[in-house]
Amino acid sequence: MGVWKEGLDLASREFAESLGMTVVDPDYEWVSKKMKTLRELHGLTQQDLGDKIGQSKQSIYNYENGKKEPTIKTLSKIAGALDIEFEDLIGDTGKFISESGEYELGTPEYLFYDLLTKLGRYVGGKKIINSYLESDKVDITEINYFLSVYDVPKSVYKTMTLQQKKKYLQYKMQEMIDDISEKLGKLVLEKKPDEISMHWEDFNPYEKQEHEDEAKD
């Protein structure tokens, strides 16, 4: 678990490390590069990203070109807008490593495997949570926690009954899965990431027929 260096006005480096935390010194040059690359990969303009986090196009330009350093709160919003974990946005790695290869940040393959990992996490998470919801030991405080994990504001669910919260949680879990699936599908249609490993042509009758005809020749 890491703590951002700016947070050390609340706790000393020694205290943070005594809790098993790693103090992360921000590399704003790297964060700026990663931010711009991911924005472009998602097909967003600086104005689009600014609109998503409630800031101006000029602010995004300043962040990406090192003219201004974003706050932790802003970085958290940017990470959410770019479908990446906060720790991954500020991390020092620019590659996604999987069994089928190592992919650089900014490539369709990087985004594909990142989305695929998230899809697996949320599908698995849904199964585990649903198993809990079907048990006779459901605690409303746990439901509140799960709702917060899915970014549901407390103001939305604070007046709901336990049953209403359970149904809304199930709805949000499926909504998250559907959203990631839609992004994956769009990426595959447009970019055909990792064609060699995925063999996307097997799912296209026209391309498959072409390959079979070529093989016959």
Can N144 and T141 be said to form a side chain to side chain donor-acceptor pair (under 3.5 Å), step by step?
CA-CA 5 Å; N144 291 344; T141 58; over 6 Å; no

Start with the C-alpha distance between Q47 and D51, add both sets of side-chain angles, then the distance that settles side chain to side chain donor-acceptor pair (under 3.5 Å), and finish with yes or no.
CA-CA 6 Å; Q47 184 66 61; D51 290 342; 2.9 Å; yes

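For the 3.5 Å distance criterion, the side chains of T117 and D114 fail to qualify, holding no donor opposite an acceptor. Side-chain atoms of Q58 and N62 form a donor-acceptor pair, as typed in the model, at a separation below 3.5 Å. Between E175 and Y171, the side chains place a donor N or O and an acceptor N or O closer than 3.5 Å (distance only, hydrogens not considered).
Nearest heavy atom pair, residue I60 against residue Q46, reads CG1-O, 3.5 Å.
Using a 4.0 Å cut-off between a side-chain N of Lys or Arg and a carboxylate O of Asp or Glu, K183 and D179 qualify as a salt bridge.
For I196, the CD1 atom sits in a loose shell: 12 or fewer heavy atoms of surrounding residues, nucleotides or ligands are nearer than 6.0 Å.
Of the possible donor and acceptor atoms, one in the side chain of S32 sits under 3.5 Å from a partner among the backbone N and O of Y63. A donor-acceptor contact shorter than 3.5 Å links the side chain of W200 to the backbone of P193. Using a distance-only test at 3.5 Å, with no hydrogens or angles considered, no donor-acceptor pair links the side chain of E142 to the main chain of D139.
Aromatic rings from F146 and Y157 are positioned such that their centres are separated by 6.0 Å or more.
With E64 as reference, R39 is the one residue of K36, K34, R39 to meet the side chain to side chain donor-acceptor pair (under 3.5 Å) rule.
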